[in-house]
Amino acid sequence: QLQLVESGGGLVQPGGSLRLSCATSIVSINTYSIAWFRQAPGKEHEGISCISASDDSTDYADSVKGRFTISRDNVKNTVSLQMNSLKPEDTAVYYCAASAAFYCSGYVPYEYPYWGQGTQVTVSS
């Protein structure tokens, strides 16, 4: 079974930064497209970023575009999400999720069979 483990969450002030990491058991991480989702209390999962398996192309939701950056390390088999200029509305549990699809094609949660346990991000002064 593919395993994903998020880390790096915590409490940060508005305008601050955090870097989340997703460690995987993937033999070759570029065989999976990896997305980051977040879920605020009482809300649905929101897809915020994805990196494609085939060509490392990236996608960002409008809510995070220009502030968040997704990247992957094929040696360590990890995917990171650098989050800058954080806002209180970024507060959520953040999940990484994997799909065997070659390309990111949206953020429908059921299209991602593999999920991590989530890491809490709280943005507050």
Exercise. Going through the checks in order, is the side chain to side chain donor-acceptor pair (under 3.5 Å) test met by Asn84 and Ser17?
Worked result: CA-CA 4 Å; Asn84 299 326; Ser17 298; 2.9 Å; yes
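- Residues Ser63 and Glu46 bring a donor and an acceptor atom of their side chains to less than 3.5 Å of each other.
- Ser71 places a side-chain heavy atom less than 4.5 Å from the side chain of Arg19.
- Taking the six-membered ring where the residue is Trp, Phe68 and Tyr94 present tilted rings, their angle falling between 30° and 60°.
- For Asp55 and Tyr103, the side-chain atoms include no donor-acceptor pair closer than 3.5 Å.
- A heavy-atom distance below 4.5 Å is not found between the side chains of Leu4 and Gln117.
- Side-chain rings of Phe37 and Tyr112 approach one another, their centers coming within less than 6.0 Å.
- Residues Tyr107 and Ile48 fail the side-chain proximity criterion, which asks for heavy atoms closer than 4.5 Å.
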Problem set entry | Verdict with reasoning, Ile70 to Tyr60, per side chain to side chain contact (heavy atoms under 4.5 Å, CB included) | CA-CA 9 Å; Ile70 190 170; Tyr60 300 93; 3.4 Å; yes
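- No hydrogens or angles considered: a donor-acceptor pair under 3.5 Å links the side chains of Ser52 and Ser57.
- Scanning for side-chain contact (heavy atoms from CB on, under 4.5 Å) contacts around Val12 gives Leu18, Leu86, Val123, with sequence neighbours left out.
- The closest side-chain heavy-atom distance from Met83 to Val121 is below 4.5 Å.
- Residues Asp90 and Arg67 form a side-chain contact, since some pair of their non-hydrogen atoms from C-beta on lies under 4.5 Å apart.
- Other residues, nucleotides and ligands place no more than 12 heavy atoms under 6.0 Å from the CD atom of Gln3.
- Residues His45 and Trp36 keep their aromatic ring centres 6.0 Å or farther apart.
- Side-chain atoms of Arg38 and Tyr95, non-hydrogen and from C-beta on, never get closer than 4.5 Å to each other.
- Contact annotation: the side chain of Ser80 never approaches that of Cys22 to less than 4.5 Å [non-hydrogen atoms, C-beta and beyond].
- Using a distance-only test at 3.5 Å, with no hydrogens or angles considered, a donor-acceptor pair links the side chain of Ser33 to the main chain of Ala53.
- In this structure, the side chains of Thr119 and Val93 stay at 4.5 Å or more apart for every pair of heavy atoms.
- The backbone N or O of Gly118 sits less than 3.5 Å from a side-chain atom of Glu6, completing a donor-acceptor pair.
- Minimum heavy-atom separation, Arg72 to Asn74: NE-OD1, 3.4 Å.
- Heavy atoms only, all atoms of each residue included: Pro113 and Ser99 are closest at CD-CA, 4.1 Å.
- Within 6.0 Å of atom NZ in Lys65, more than 12 heavy atoms from other residues, nucleotides or ligands are found, so the atom counts as buried in its surroundings.
- Cluster annotation: Val108 and Val64 are assigned to distinct hydrophobic clusters (Ile/Leu/Val/Met/Phe/Trp/Tyr, side-chain heavy-atom contacts under 4.5 Å, transitive).
- Contacts of Tyr114 classified as side-chain hydrogen bond (donor to acceptor under 3.5 Å, both in side chains), with partners at least two apart in sequence or in another chain: none.
- Transitive grouping of hydrophobic side chains (ILVMFWY, heavy atoms separated by less than 4.5 Å) keeps Phe102 and Tyr32 in distinct clusters.
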For this session: Check step by step if side chain to side chain contact (heavy atoms under 4.5 Å, CB included) holds for Ser124 and Leu11.
Result: CA-CA 7 Å; Ser124 176; Leu11 175 65; 4.2 Å; yes
For this session: May I have the step-by-step check of side chain to side chain contact (heavy atoms under 4.5 Å, CB included) for Leu81 and Ser49, ending in yes or no?
Result: CA-CA 8 Å; Leu81 185 70; Ser49 189; 4.1 Å; yes
